[in-house]
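Each chain gets a letter, A, B and so on, in the order its sequence line appears, and its residues count up from 1.
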Amino acid sequence: MFVWDERFYFDHAATTPLHPRAREAMREVMDLPLANPASTHAPGRAARALLERARSTLAELLEVDPKTLIFTSGATEANATALYGALRAQEKRRRRVISTPIEHASIRAHLDGLSALGYEVDYVDVDQEGTVDLASLDALLSEDTALVVVIGGHNELGTVQPLRAIAERTRRAGAYLHVDAVQMPASMRFTIPEIQADYLTLSAHKVGGPVGSGLLYVAPGAPFEPLLKGGEQEGGRRSGTQDVVGAVGFAAALRALWDELAFHVARYHTYAHMLIETLRASGLNVFKNGAKEGLAHILNVSLCGVPADLLLVRLDLMGVYLSRGSACAAGVEKPSEVLKHLGLPVNRVESAVRISFGPSNDETSVQEAAQTMAQVARALSRS
Amino acid sequence: MIYLDHSASTPVVPPVLEAYVQAMRDHFANPHALHALGEAGSVLLEAASRQIAGLLGTDERHVIFTSGGTESNNLALLGLAEANTRYGKRVILSAIEHPSVLEVGKRLVKYGFEVVRAPVDRTGRLDLEAFESVLTGDTVLVSVMAVNNELGSRQPIQDIARIVRKKTSAVIHVDAVQAYVVDAIDMGVWDVDALSLSGHKLHAPKGIGLLALRPGVSLVPQMEGGGQQFGLRPGTVNVPLIAALARALRLAAEEREAFVQKARSWWLRLYEGITALGGEVLSPRDGAPHILFAAFPGKRGEVLVRALSERGVYVSTRSACSSKRQGPSHVLQAMGLSEVLATGTLRFSMAKTTTDEEIEGALNALADVLKTI
């Protein structure tokens, strides 16, 4: 078994270690013989009660009716379900979609496929920090717009969108808003009513829960058709026997994370500051990418003149784990398409790395990692 | 507690739980992250794929992990149909498939496919002559379940495959969710192209399943994303649940023979007991030994289930996936057993965790319930 130190894991935007409280909650349920939550007998009802308790916990945290939450196998499925469901249900009336050019792959690839189905997809302008230009959104919204799709907190940049303003504009045009909020809970406590999204995606394994559990919020009355068909679980909106243990872990993780969130976020700000200062002090040319006031757990920096791919490989060998951007580009570390799109100079794109913090990091490990990074980066920039 | 509803779900057994917990502890990193942690996860993933491929008689690069049987069936039907339209647009399903196949069939109709439901006889077996007559050259996909989830009827998969190969270029999908624990599966020997399995029907946790393909079979993905699993099923790969599934599949294969023997004796004991109590066993004798479906004339199924459950005996009237559905069982209708529709039915389903005492206890409770109701 590969042994490593969790404190030097700086890739929490890819996936997070299981939170001890999530592990405990899952362990309790796992040790029970769990029946099918759709079965009508007592063991089935007991499994269902566990599932519904998890749903209620999440609903309470997000301040929505539990009936609006659908458990899925993860954010990729939740995003696919939202897009499919919202568009299918409106296909006779509205066939235009507006999104941003910096979406996660699970949205981007879906949007690319829509034109073949007779949809028109328009992309709003974003500034160099990745923030949506509201005037450009206003110009694109029309009475044919079915759906606006926005990544709420960016997975590479940490940039948070002005969601309330986007929601208001979308609603005025008679369209619906989907928010991919996967990265948001790791740095912000929010409620769905304050965002006013019609659809919203969350993922357990980005908040200290297990891989394989996701959530889709569908507002009451929002147009919807299910993607997965079959036994009509989840109120007919998502067929398939529910992963009860995963749902329980998800709810426990989000509750635990949000209980401690203020404490963590304050530390992430300190870590980011320490890292940038240490890198700068060693004489490196450091640029911070993304918004100044974005998600605190995501720090995207360019170390100009330092090839990011080599930097990551060397750091990996030294036991410091970070990435260039999304792990969802499945095993390829290429310069970020998102940064390219922002119009950053080539040397900034090619030297950009993403450091994403989590509860397992501490000041000592961040300080040590920063020094290691500075050392390796300087050696690389000389060669 | 006497639990005889294993066709709905099975308890996770300790060795599987152990594999799950261990992988959860050791392999949390995203297997697609390029750092060393991600790599350790991907090594485990490859080992699991290799083992499972070996158990199913296919190639390790053709095992696609999903969130469960429903997703596997949805992906198979939509993805295989869409990938093979060059020969035509006809899809044939048996009339007694699981809702996750039949409902997707309705969607295929919307997409312009012609979906035909092939009839079954009174034992739930596909009528091969009728099947052959609807199997035209423009058929692109045939989907048949190996073991029916309500009755346990087995389909003659190899005979079906032979007919399909002779007449068409269609791909064959088999929903083997209920079959794996009792039948050795070799996709090569069965000569089928795609096969669905679900973890929680064989003592792995809920939330994991797979779709196995034979090499050379094309499939159009039904979700978009980060290109994981050869682009066929994106989404962060669930390493702990996959480790659990691999362990469960291996155990089930090792224990299959012993389980079949035990299940057969329980089946016969239930058959005997239920018949003596005036029930009529509708499951065919050559069906899967872990599922027994019986009718109780003059009684209502829900009432029987409730009365049994008050005595700590848990069975179902039929599929849990249909428990929300109003109206009669599509399976019984398709079998021409409409006279049974008005009467009460119970499904007893066993697993390796079942005991002789549970079978006797269930029969005693049933005798008691039938007397008082």
Going by distance alone, is a donor N or O of one side chain under 3.5 Å from an acceptor N or O of the other, for A:R45 and B:S309? no
Just do the side-chain contact (heavy atoms from CB on, under 4.5 Å) check on A:L18 and B:M24 with the steps written out, would you? CA-CA 8 Å; A:L18 204 56; B:M24 198 159 62; 3.6 Å; yes
Distance-minimising heavy-atom pair for [X] and [Y]:
X	Y	result
A:P37	B:K206	CD-CE, 3.8 Å
A:V211	B:N238	O-ND2, 3.0 Å
B:S9	A:L34	OG-O, 3.8 Å

Between [atom1] of [X] and [atom2] of [Y], what distance do you get to the nearest 0.5 Å?
X	Y	atom1	atom2	result
A:L228	B:Q222	CG	CD	10.0 Å
B:E302	A:T40	CD	OG1	8.0 Å
B:R107	A:E225	CZ	CD	7.0 Å

Looking at [options], which one has more heavy-atom pairs under 4.5 Å with chain B than the rest?
options	result
A:G246, A:A35, A:G214, A:S239	A:A35
A:P43, A:A42, A:G212	A:P43
A:V245, A:L315, A:D243	A:D243
A:V244, A:L227, A:N79	A:L227

Does B:L17 reach the side chain of A:R27, with side-chain heavy atoms less than 4.5 Å apart? yes
With a 4.5 Å heavy-atom cut-off, do A:S73 and B:R233 have their side chains touching? yes
Quick check on [X] against chain A: is it the side chain, the backbone, both or neither that has a heavy atom closer than 4.5 Å?
X	answer
B:T353	neither
B:P205	neither
B:V315	backbone

Side-chain donor or acceptor of A:N36 paired with backbone N/O of B:A8 under 3.5 Å: yes
For chain B, which residues of residues 106-117 of chain A have at least one non-hydrogen atom nearer than 4.5 Å to it? A:S106, A:A109, A:H110
Once salt bridge (charged side-chain N to carboxylate O under 4.0 Å, His left out) is applied, what residue pairs with a partner in residues 304-315 of chain B remain, sequence neighbours excluded? B:R311-B:D368
Applying side-chain hydrogen bond (donor to acceptor under 3.5 Å, both in side chains) to A:R238 and B:S67, what does each step give before you reach the verdict? CA-CA 12 Å; A:R238 196 276 186 182; B:S67 61; 2.9 Å; yes
Using a 4.5 angstrom heavy-atom cutoff, name the option from B:N74, B:L78, B:V43 with the most pairs to chain A. B:N74
Count the heavy-atom pairs under 4.5 Å between each of B:S100, B:G312, B:P11, B:S198 and chain A, then report the option with the highest count. B:S100
What residues, two or more places apart in sequence or in another chain, satisfy ring pair (Phe, Tyr, Trp, His ring centres under 6.0 Å) together with B:Y3? A:H41, B:H6
Worked check of side-chain contact (heavy atoms from CB on, under 4.5 Å) between A:Y84 and B:M223: CA-CA 10 Å; A:Y84 178 91; B:M223 283 190 219; over 6 Å; no
Would you mind checking which part of A:Q242 comes under 4.5 Å of any heavy atom in chain B, side chain (CB onward), backbone (N, CA, C, O), both or neither? backbone
Name the one of B:V104, B:T70, B:L77, B:L102 that satisfies side chain to side chain contact (heavy atoms under 4.5 Å, CB included) with A:K229? B:V104
B:T66 meets the side-chain hydrogen bond (donor to acceptor under 3.5 Å, both in side chains) criterion, sequence neighbours left out, with B:S72
